[in-house]
Amino acid sequence: MRTEYIYWDPGQGYQADELRHAAEILRSGGLVAFPTETVYGLGGNGLLRQAAMKIYAAKGRPSDNPLILHISRRSELDAVVGHVSVQAEALMDAFWPGPMTLVFRKSDVVPPETTGGLDTVAVRMPAHAGARALIREAGVPVAAPSANLSGRPSPTEAGHVREDLDGRIDMIIDGGSVGIGLESTIIDLTEEVPVILRPGYITREMITQVTGAVIMDPGLETGEQAIKPKAPGMKYRHYAPRAVMTVFEGDIIDVVAEINARAAEYPEDKVGILATEETRDRYVHGQVLVAGSRKDHTIAHGLYAALRQFDHLGVEVIFSESFSGEDRSEAIMNRLRKAAGQRIEFLPK
Ligand code: TXA
Ligand code: MG
């Protein structure tokens with residue numbers, strides 16, 4: 001399959017004929033990758049079972065891992081879900097459009113292929129104006145997982161999508177680098193108390209201010225979804241670079257010293273170090289990549305690109321600083337721990 005490319009310049013608005021063309025591909029069962037404010041999504045018609053199956057095939061994703069339906073306005077929600085609670089309304093008022101996905105009971109129009117056989121459905125209204133324009137023009141809810149091959153880091157720029165999916169999907173819309181860089185916060189609203197299934201840019205504190213109470217899925221701590229695998233995607237190895245990665249937790253001075261000592265045991269070109277702007281110059285041996293700055297809160301934005309870059313460099317081991325305590329650290333550390341296959345070393349104080 002030849003993949004078609006179009007380019008979105010946010011300053012220019014979205015060309016009507018290109019938007020119509022992309023929307024027509026979606027409506028008729030094709031796949032279009034598009035930017036959102038979190039990561040790039042791989043879109044297909046959320047009401048067509050064949051589209052869902054194409055998405056699984058293109059990503060190499062197990063088909064029991066459900067997809068998120070993307071809508072462009074509140075009125076599109078009612079067709080795809082059952083009951084909408086007062087709590088759900090309050091969360092939508094507070095955070096939509098934006099990086100928050102809500103899990104509801106599904107309605108009958110949503111095929112089981114889209115929800116991986118579950119009787120619930122995840123729905124999100126993205127903040128990205130182009131994404132919303134595309135969904136609105138398509139006239140159907142758009143099922144969209146992150147636009148990466150299964151197991152690879154989510155794409156934060158169109159080049160990452162091309163790397164993984166060129167030749168496997170109908171179209172890639174290049175809208176430049178995304179704003180946030182980590183996937184949306186997922187909240188399950190089908191229980192008495194809302195449950196955070198996946199941490200994201202919308203933090204636990206922000207949610208609590210709206211709902212009063214919220215609990216974290218206990219499995220998030222251990223890396224396993226202990227109680228029940230509510231977000232089935234969370235059980236698969238994810239966001240993974242090819243190299244074996246270890247994260248060091250402790251005082252930053254000790255972390256730098258430990259990483260320098262460990263890196264010295266490997267050839268210069270085989271060892272990767274994941275650092276920040278503030279520490280990059282303190283490493284003496286190895287391929288140093290910067291996720292972002294602790295000062296400017298840019299770590300979430302640069303994390304996935306750095307993990308992909310390590311693959312290109314061909315390193316065999318990666319040593320990473322911990323980013324605990326930084327802005328959005330709950331979400332960042334959730335992704336980093338997964339990328340490291342839960343390999344964390346705690347340095348003594
Ligand atoms: O920011 C995002 O959410 C991005 C952009 C493209 O919108 N999308 C995204 O989709 O991250 P994906 O498929 O990579 O991750 C969706 C996660 C998976 O872990 C999946 O298991 C979970 O959402 N999920 C989907 N439907 C669910 C449901 N009904 N119940 C529980 N978890 C669900
Ligand atoms: Mg994903």
Side-chain angles (χ1 to χ4, degrees), residues 32-44 46 52 55-56 58-72 80-82 95-107 110 112-128 131-132 134-135 141-156 160-161 164-165 173 175 178-191 194-202 217 219-220 225 227-240 300 304 331 334-335 338-339:
V32 176
F34 62 96
T36 80
E37 76 279 18
T38 56
V39 299
Y40 273 75
L42 173 57
I55 289 175
Y56 293 122
K59 278 180 64 84
R61 172 169 175 152
S63 59
D64 67 346
N65 189 355
L67 309 173
I68 295 174
L69 286 185
H70 293 65
I71 59 176
S72 73
V80 295
V81 303
F95 302 121
W96 272 5
M100 176 186 74
T101 296
L102 297 179
V103 176
F104 300 89
R105 300 256 158 246
K106 82 174 190 68
S107 76
V110 183
E113 283 77 3
T114 301
T115 63
L118 297 178
D119 58 4
T120 56
V121 63
V123 188
R124 169 163 122 77
M125 188 195 296
H128 193 290
R132 281 207 313 283
L134 176 65
I135 297 161
V142 174
S146 49
N148 50 284
L149 285 175
S150 190
R152 307 226 49 218
S154 293
T156 56
H160 300 160
V161 184
D164 283 11
L165 298 176
I173 300 175
V178 299
I180 293 175
L182 294 180
E183 305 85 347
S184 61
T185 307
I186 304 180
I187 310 169
D188 181 7
L189 296 177
T190 64
E191 308 281 335
V195 184
I196 298 178
L197 300 180
R198 180 174 73 183
Y201 185 82
I202 307 284
D217 186 311
L220 289 170
Q225 230 72 357
I227 303 286
K228 37 184 166 169
K230 277 293 209 150
M234 303 292 279
K235 78 183 180 220
Y236 296 106
R237 196 185 131 127
H238 241 173
Y239 320 115
Y304 285 146
N334 169 263
R335 308 310 194 272
K338 280 169 179 285

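As the structure is a computational prediction, the values presented were derived from the model and not from experiment. Count residues from 1 along the sequence. Remember, it's 1-based here, ligands and their atoms both numbered in the order they're listed.
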Next item on the list: Of all the heavy-atom pairs spanning Val178 and Thr36, show the shortest one and how long it is.
Entry: CG1-O, 3.3 Å

Note to self: Under 4.0 Å from a heavy atom of Ala122: which atoms of ligand 1 are those, numbered in the order shown and with their elements?
What the structure shows: 25 (C), 26 (N), 27 (C), 29 (N)

Check: Of all the atoms in ligand 1, which lie at a distance below 4.0 Å from a heavy atom belonging to Ile186?
Finding: 17 (C), 22 (C), 23 (O)

Item checked: Non-hydrogen atoms of Tyr304 and Gly181 that approach each other most closely -> CD1-O, 3.1 Å

Next item on the list: Consider every N or O of Ser146 and every N or O of ligand 1, then say whether any pair is closer than 3.5 Å.
Entry: yes

Item checked: Per-atom contacts, ligand 1 versus Leu118 - under 4.0 Å to a heavy atom -> 28 (C), 29 (N), 30 (N)

Notebook entry, point to check: Is there a heavy atom of Ala144 sitting under 4.0 angstrom from any atom of ligand 1?
Noted result: yes

Margin query: Just verifying a value: how many Å separate Asn148 CG and Leu165 CG, rounded to the nearest 0.5 Å?
Written below: 7.5 Å

Checklist line | Side chains of Ser184 and Thr101, donor plus acceptor under 3.5 Å | finding: yes

Notebook entry, point to check: ligand 1 and Arg61, any nitrogen or oxygen pair closer than 3.5 angstrom?
Noted result: yes

Check: What atoms of ligand 1 come within less than 4.0 Å of a heavy atom belonging to Gly41?
Finding: 6 (C)

Check: So which bit of Ile68 gets within less than 4.0 Å of ligand 1, heavy atoms only: side chain, backbone, both or neither?
Finding: side chain

Note to self: Give me the atom names and distance for the closest heavy-atom approach of Val81 to Val123.
What the structure shows: CG1-CG2, 4.0 Å

Next item on the list: Just do the salt bridge (charged side-chain N to carboxylate O under 4.0 Å, His left out) check on Arg105 and Asp119 with the steps written out, would you?
Entry: CA-CA 6 Å; Arg105 300 256 158 246; Asp119 58 4; 3.3 Å; yes

Next item on the list: Please identify which atoms of ligand 1 are closer than 4.0 Å to at least one heavy atom of Thr120.
Entry: 28 (C), 29 (N), 30 (N)

Check: So Arg124 and Glu37, salt bridge (charged side-chain N to carboxylate O under 4.0 Å, His left out) or not? Walk me through it.
Finding: CA-CA 12 Å; Arg124 169 163 122 77; Glu37 76 279 18; 2.7 Å; yes

Check: What is the minimum heavy-atom distance between Ala58 and Leu42, and which atoms define it?
Finding: CB-CD2, 4.2 Å

Notebook entry, point to check: What atoms of ligand 1 come closer than 4.0 angstrom to any heavy atom of Ser184?
Noted result: 1 (O), 2 (C), 3 (O)

Check: Can you list the atoms of ligand 1 that are under 4.0 Å from a heavy atom of Leu197?
Finding: 31 (C)

Next item on the list: Side-chain contact test, heavy atoms from C-beta onward, threshold under 4.5 Å: evaluate it for Thr185 versus Phe95 and give yes or no.
Entry: no

Note to self: Does ligand 1 come near enough to Asn65 that some N or O of the ligand is less than 3.5 Å from an N or O of the residue?
What the structure shows: yes

Notebook entry, point to check: Short check: any N/O/S atom of Ser150 below 2.8 Å from the Mg ion (ligand 2)?
Noted result: no

Next item on the list: Return a yes/no value for His70: is any of its N or O atoms, backbone included, closer than 3.5 angstrom to an N or O of ligand 1?
Entry: yes

Item checked: Mode of Lys106 contact toward ligand 1 - side chain, backbone, both, neither (heavy atoms, under 4.0 Å) -> neither

Checklist line | Pairwise side-chain contact, Met100 with Ile187, heavy-atom cut-off 4.5 Å (strictly under) | finding: yes

Checklist line | Proximal atoms of ligand 1 relative to Val121 (non-hydrogen, under 4.0 Å) | finding: 29 (N)

